[in-house]
Student: 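I have a structure I would like to understand better, so I am pasting it below and will then ask my questions one at a time.
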Number of protein chains: 2
Amino acid sequence: MKLNSVDISKTASASSIVFDALRKAIIEGDVKEGEPLRQDEIARLFNTSRIPVREAISRLEEQGLVKTQRYKGAVVSGLSQTEAEEIFDFRALIEPEVIRRAVPLMSQETLERARESWTAFSTSSEPMRWGELNRDFHATLYRASGLQYHLDIIDNAMDRVDRYLRAQLVMSNGMQRANEEHIAIWEACVNGNAAQAADLTRQHITGARESLMQNINGLR
Amino acid sequence: MKLNSVDISKTASASSIVFDALRKAIIEGDVKEGEPLRQDEIARLFNTSRIPVREAISRLEEQGLVKTQRYKGAVVSGLSQTEAEEIFDFRALIEPEVIRRAVPLMSQETLERARESWTAFSTSSEPMRWGELNRDFHATLYRASGLQYHLDIIDNAMDRVDRYLRAQLVMSNGMQRANEEHIAIWEACVNGNAAQAADLTRQHITGARESLMQNINGLR
DNA sequence: CTATTTCATATTGGATCCAATTTACAATAT
DNA sequence: ATATTGTAAATTGGATCCAATATGAAATAG
């Protein structure tokens, strides 16, 4: 039998919709650290009962994005300076290795998409989108490695520091500097120079770390 | 006012009890990969409703220990050989760095506890406990680093490969070899030789990886 | 007899209800 | 006025119920 099949994309579960929305709101800083997540309020916002909301909160807690106390509910977790530094250390350890392994596997299409990402990043005038475009650029290159577990872990690390990173991008010349570094990383990838791409990525991350640590007091 | 206060340790929530129990059962291999987790059955086992069970399953999924399909429920996730290799690669990258930073911070008490761990490991005749004692040993040393985020990530990586690692320990001379390597790592720590401890840890992990890859077909 | 369809059963997703606990605030005593 | 106590409201944790979907077996057509 031949038939134009339509992807009857099963609507996502309420729980996953709420999870995605809350995660996005947290990493973008729309709900501030320390702010409580009221189950009833969220349930009303999404026209659901509290059950899917609680499942979403359980998942957020497992991701470290919220902390819950019994009978007191969940609050958005923040990072101490020490904790933020630790996550940057972690990223500086793992991301260079991932891009090093990704470079020999990058297709023309990957490089083209990455170029579009840094172009969009460098020309965007909406600070609200910088964080997203920045992540797109790196994720596109990393994805070529095929290392799904590493990619997931990097996503989690990014989720936790994203708020602070975004604040960093709009301050001083963070945006311009990030842009120049993106181009350098991209060129190393185009040239197939894995070691250099790894080294530039490491510098990109430790540089962000240093500049964040200098300004962190002003951010909180 | 003086009074002998008793810590009225609030009993943990049903959801967290179920989560801990399921996690333990999965990493110890008591529920095999591919096996479905029936909400009703689990709820009966713990004398609760399905609500806490579902929250526990949500968290397990976020940890990557189960996979769920809508209206079909959750099954214990397994690892392909490629995925297992990737996780060992990850561990070989991060654990040496953690122990390297931990060595200068190790107290006498830490070293003593680690010695007790490898002693217990080497003298235990219960294969069912080897996996636990092995983790104890490494966790004790890593914990001295104070790098909580790294420790959490390592725990997750261990959770995913624990089943296969345990199977590995009982095969061939995996147990004896692990034991010798533990002693060597421990001695490097006692001597304050961070670089050597890191290098031995890396070899310990890549060695386990190699031997697991040779036997993986027999394990599945 | 085999393949397809129908329909009852099992299972999960979500809503509503009740219990346990915390929180906010008024009432009271010092 | 301040601190303490008592109480009602708010909030979360959990149980029960209903809806949506999947599964498997019986019925039926070829």
Side-chain angles (χ1 to χ4, degrees), chain A residues 1-3 5-23 25-26 31-63 65-77, chain B residues 1-3 5-23 25-26 31-63 65-77:
Chain A
M1 180 181 56
K2 282 209 170 185
L3 181 57
S5 65
V6 186
D7 178 17
I8 303 176
S9 54
K10 314 281 183 184
T11 68
S13 67
S15 136
S16 68
I17 290 173
V18 173
F19 173 77
D20 290 342
L22 287 179
R23 170 180 168 275
I26 292 172
V31 282
K32 315 292 183 203
E33 74 183 60
E35 197 168 328
L37 299 180
R38 296 290 167 214
Q39 300 174 3
D40 238 337
E41 179 187 1
I42 297 167
R44 273 197 305 274
L45 280 172
F46 290 88
N47 282 315
T48 66
S49 73
R50 283 164 47 220
I51 300 294
V53 175
R54 281 164 57 177
E55 289 178 1
I57 289 177
S58 292
R59 288 158 69 176
L60 290 171
E61 174 160 40
E62 211 54 39
Q63 286 286 310
L65 294 179
V66 307
K67 288 199 196 330
T68 72
Q69 275 188 297
R70 201 169 187 215
Y71 294 114
K72 292 190 177 178
V75 299
V76 177
S77 31
Chain B
M1 179 181 60
K2 285 210 168 183
L3 180 59
S5 65
V6 187
D7 178 19
I8 304 176
S9 54
K10 311 283 181 183
T11 66
S13 67
S15 131
S16 68
I17 291 173
V18 173
F19 173 77
D20 291 342
L22 287 179
R23 170 181 168 274
I26 292 172
V31 282
K32 315 293 182 202
E33 73 182 62
E35 198 169 326
L37 299 181
R38 296 292 166 213
Q39 300 175 2
D40 239 335
E41 178 187 2
I42 296 167
R44 273 197 305 274
L45 280 172
F46 289 87
N47 281 314
T48 66
S49 74
R50 283 164 46 220
I51 300 293
V53 175
R54 280 165 57 177
E55 289 178 1
I57 289 178
S58 292
R59 290 159 69 177
L60 290 170
E61 173 161 39
E62 212 53 38
Q63 285 287 308
L65 294 180
V66 308
K67 288 200 197 329
T68 71
Q69 276 187 297
R70 202 171 187 211
Y71 295 115
K72 291 191 178 178
V75 298
V76 177
S77 30

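All values below come from the heavy atoms of this structure, side chains included, with hydrogens, waters and symmetry mates left out. Within every chain, numbering begins at 1; the chains are lettered A, B, ... in the order of the sequence lines, protein sequences first and strands thereafter. Computed from a predicted structure; not experimentally measured.
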Student: Can you pull out every side chain to side chain donor-acceptor pair (under 3.5 Å) where at least one residue sits in residues 39-50 of chain B? Sequence neighbours excluded, please.
Tutor: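 As it turns out, the side chain to side chain donor-acceptor pair (under 3.5 Å) pairs with a partner in residues 39-50 of chain B, which skip direct neighbours, are Gln39(B)-Arg50(B).
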Student: If you find the nucleotide of DNA chain C closest to Lys72(A) and the one closest to Ala74(B), which residue's nucleotide is nearer the 5' end?
Tutor: Ala74(B)
Student: Ignoring hydrogens and geometry, is there a side-chain-to-backbone donor-acceptor pair from Ser77(B) to Leu65(B) under 3.5 Å?
Tutor: yes
Student: Using whole Å, report how far CZ of Phe46(A) lies from C1' of dG13(C).
Tutor: 17 Å
Student: Output the rounded distance in Å from CD1 (Ile51(A)) to P (dA19(D)).
Tutor: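 Going from Ile51(A) (CD1) to dA19(D) (P), I get 16 Å.
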Student: Could you state the atom-to-atom distance from CD of Gln69(B) to C1' of dT21(D) in whole Å?
Tutor: 12 Å
Student: Where the side chain of Ala14(A) is concerned, which of dT12(C), dG14(C), dT12(D) is the nearest nucleotide?
Tutor: dG14(C)
Student: Show the numbers, then the answer: is there a side-chain contact (heavy atoms from CB on, under 4.5 Å) between Leu60(A) and Arg23(A)?
Tutor: CA-CA 7 Å; Leu60(A) 290 171; Arg23(A) 170 180 168 275; 4.1 Å; yes
Student: Among dT16(D), dT23(D), dG13(C), which is the nearest nucleotide to the side chain of Ser13(A)?
Tutor: dG13(C)
Student: Using a 4.0 Å heavy-atom cut-off, does Thr48(B) contact any base of the nucleic acid, only the sugar-phosphate backbone, or nothing at all?
Tutor: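 Thr48(B): backbone/sugar contact only, no base atoms under 4.0 Å.
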Student: At under 4.0 Å, does any side-chain N or O of Arg54(A) touch on OP1 or OP2 of dA15(D)?
Tutor: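 No, outside the criterion.
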Student: Quick one: Glu61(B) CD to dT12(C) P, roughly how many Å, whole number?
Tutor: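 Computing the Glu61(B):CD to dT12(C):P distance gives 14 Å.
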Student: At under 4.0 Å, does any side-chain N or O of Gln39(A) touch on OP1 or OP2 of dG13(D)?
Tutor: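 For dG13(D), OP1 or OP2 has a side-chain N or O of Gln39(A) closer than 4.0 Å.
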Student: Does Arg50(B) place a side-chain N or O at less than 4.0 Å from the phosphate oxygens OP1/OP2 of dG14(C)?
Tutor: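 No, Arg50(B) has no side-chain N/O under 4.0 Å of OP1/OP2 on dG14(C).
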Student: If we count only N and O atoms by modelled type, under 3.5 Å, do the side chains of Arg59(A) and Ser15(A) hold a donor and an acceptor together?
Tutor: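 The answer is yes; a qualifying pair exists.
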Student: Under 4.0 Å, counting only non-hydrogen atoms across every strand here, what does Ile57(B) touch: a base, just sugar-phosphate, or nothing?
Tutor: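 Nothing, no nucleic acid heavy atom in range.
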Student: Among dT16(C), dT12(D), dT21(D), find the nucleotide with the atom closest to the side chain of Tyr71(A).
Tutor: dT12(D)
Student: Once you round it to whole Å, what is the distance between P of dA10(D) and CG of Asp40(A)?
Tutor: 11 Å
Student: How many whole angstroms separate atom CG of Leu37(A) from atom C1' of dT11(D)?
Tutor: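 Taking CG of Leu37(A) and C1' of dT11(D), I get 13 Å after rounding.
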Student: Begin from the C-alpha positions of Leu45(B) and Arg38(B) and carry the test side-chain contact (heavy atoms from CB on, under 4.5 Å) through to its verdict.
Tutor: CA-CA 11 Å; Leu45(B) 280 172; Arg38(B) 296 292 166 213; over 6 Å; no
Student: Rounded to the Å, how far apart are Arg70(B) CZ and dA20(D) P?
Tutor: 11 Å
Student: Nearest to the Ser49(B) side chain among dG14(C), dA22(D), dT16(D), which nucleotide is it?
Tutor: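 Of the options given, the side chain of Ser49(B) lies nearest dT16(D).
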Student: Find the distance Lys67(A):NZ to dT12(D):P and express it as a whole number of Å.
Tutor: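 My rounded result for the distance is 18 Å.
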